[in-house]
*Asks:* 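Have a look at this one before I ask anything.
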There are 2 protein chains.
Amino acid sequence: MDSAAETQTPIQEAWALLGRLFWDMRPRMIRVAADVGLTPPQLFALRMLDPDEPVPMRALAAALSCDSSNVTGLVDGLEAQGLVERREAEHDRRIRLLVVTPRGNDVRERMLAVVQQVPEALQELGADDQRALRDILQRALG
Amino acid sequence: MDSAAETQTPIQEAWALLGRLFWDMRPRMIRVAADVGLTPPQLFALRMLDPDEPVPMRALAAALSCDSSNVTGLVDGLEAQGLVERREAEHDRRIRLLVVTPRGNDVRERMLAVVQQVPEALQELGADDQRALRDILQRALG
DNA sequence: TATTGTTATACTCTATAACTATA
DNA sequence: TATAGTTATAGAGTATAACAATA
């Protein structure tokens, strides 16, 4: 049994820890969706919409990594609750633009307030670690 | 308009960046599930099982944050493919223990090999940043 | 011809409630 | 009585294929 073969590199260890961190967010996501009257997929859809800029159905399907026929149903659900509206695009009448209603934006903001809550484990880091974490992630993703 | 009110703290920025990082993993998860012949929920279920230690259905339901009636269906699917087996527990005959078959473990390993792949953005970090990231996450989660 | 979105279809996911077997 | 798991049921998610409208 070669123990060296099973030794993870630092970044592999980091990735595994991040996996745990995000998996632990699952119950929170399920709960907040229910709290605002949405299913998790509907929550993700509303999350991807832009309150300031109408989004074509097509773009939402791409953002959700799913088929456009699926988006039809998700948007039907959101529209039935008055959270989004379909609007025709002026320059291309094939396209339906998704507009977040004021009520939809209210739900969206309440949902985001929970989703964006920093997990306790990260909040308990020292100020130096918190800044270092941000800096490293900005170098990687920024 | 008070711009200070919208300024994120370092850890809030970090959390937002992590959210992006994980959302970007979605297509990969959907693809690897299809590649090994599973749906995403089935993949998560197989992921949570322990190849060395049989897991009660109940524990799997808790790990997946879902109802136990749902686990029945997921395990039915995995069992139909010969990836897991239900076994009775000796000390308590109400409990069904889930055993990963050799074939199930093969699928599981192939799936993990993809899931555990470190995203390119993190791989491109310098060695110092990679170690620092691991160290910080270990302090937070370890 | 190609693209956007919808519909028809089939299957899976999911929770609730009622049930069986066991403790 | 309480717990582990299943079944029945209903509704939502999902992709594929076929379609209409538009480009």
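In the text below, chain A, chain B and the rest are named by the order of the sequence lines, each starting its count at 1. Not measured: the values here are computed from a predicted model.
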*Asks:* Provide the closest heavy-atom pair for B/L43 versus B/M29 in the form atom of the first, atom of the second, distance.
*Replies:* CD2-CE, 3.8 Å
*Asks:* Just call it for A/D67: base, sugar-phosphate, or nothing, with non-hydrogen atoms closer than 4.0 Å on any strand.
*Replies:* base
*Asks:* Can you tell me which nucleotide in C/dG5, D/dT16, C/dA17 comes closest to the side chain of A/S69?
*Replies:*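 For the A/S69 side chain, the nearest candidate turns out to be D/dT16.
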*Asks:* Of the nucleotides C/dA15, C/dG5, D/dT22, which has the atom closest to the A/R93 side chain?
*Replies:* D/dT22
*Asks:* Check every strand shown and say whether A/D92 touches a base, only sugar-phosphate, or nothing at a heavy-atom separation below 4.0 Å.
*Replies:* sugar-phosphate
*Asks:* Heavy-atom nearest nucleotide on DNA chain D for A/S65 versus A/E90: which residue maps closer to 5'?
*Replies:* A/S65
*Asks:* Answer with base, sugar-phosphate or nothing: what part of the nucleic acid does A/S68 contact at a heavy-atom distance below 4.0 Å?
*Replies:*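 Since a base atom lies under 4.0 Å of A/S68, the category is base.
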*Asks:* Could you state the CZ-C1' distance from B/R96 to C/dT22, rounded to the nearest angstrom?
*Replies:*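 After rounding, the gap between these two atoms is 11 Å.
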*Asks:* Looking at every non-hydrogen atom in both residues, tell me the closest pair between B/L78 and B/L38 and how far apart they are.
*Replies:* CD2-CD2, 3.8 Å
*Asks:* Closest to the B/R86 side chain: D/dT6, D/dG5, C/dT4?
*Replies:*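 Of all the options, the side chain of B/R86 is nearest to D/dT6.
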*Asks:* For B/P56 and A/T39, find the nucleotide of DNA chain D closest to each by heavy atoms; which residue's nucleotide sits nearer the 5' end?
*Replies:*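 The 5'-side residue here is B/P56.
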*Asks:* Considering only NZ, NE, NH1 and NH2 on the basic side and carboxylate oxygens on the acidic side, decide whether B/D50 and B/R108 come within less than 4.0 Å.
*Replies:* no
*Asks:* Is B/D24 paired with B/R20 through a side-chain N to carboxylate O contact shorter than 4.0 Å?
*Replies:*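 Judged by the 4.0 Å cut-off on N to carboxylate O distance, B/R20 and B/D24 do not form a salt bridge.
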*Asks:* Just the rounded figure in Å: distance from C1' of D/dT14 to CG of B/L74.
*Replies:* 15 Å
*Asks:* D/dT6 P sits how many Å from B/E79 CD, rounded?
*Replies:*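 That distance rounds to 9 Å.
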*Asks:* What is the separation between atom CG on B/D76 and atom P on C/dC13, rounded to the nearest whole Å?
*Replies:*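 In whole Å, C/dC13 P lies 10 Å from B/D76 CG.
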*Asks:* What is the distance, rounded to the nearest whole Å, between atom CE of B/M29 and atom P of D/dG13?
*Replies:* 20 Å
*Asks:* Any N or O donor-acceptor pair linking the side chain of A/R94 to the base of C/dT3 at under 3.5 Å?
*Replies:* yes
*Asks:* Ignoring backbone atoms, establish whether B/N70 has a side-chain N or O less than 4.0 Å from OP1 or OP2 of C/dA15.
*Replies:* yes
*Asks:* Output yes when B/D135 and B/R139 qualify as a salt bridge under the 4.0 Å nitrogen-oxygen rule, no when they do not.
*Replies:*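 Judged by the 4.0 Å cut-off on N to carboxylate O distance, B/D135 and B/R139 do not form a salt bridge.
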*Asks:* Round to a whole Å and report the spacing from NE2 of B/H91 to P of C/dA23.
*Replies:*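 From B/H91 NE2 to C/dA23 P: 10 Å.
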*Asks:* Round to a whole Å and report the spacing from CG of B/L98 to P of D/dA4.
*Replies:* 14 Å
*Asks:* Rounded to whole Å, please give me the gap between CD1 in B/I30 and C1' in D/dT16.
*Replies:* 16 Å
*Asks:* C/dT4 phosphate, OP1 or OP2: any side-chain N/O from A/R58 under 4.0 angstrom?
*Replies:*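 Result: yes.
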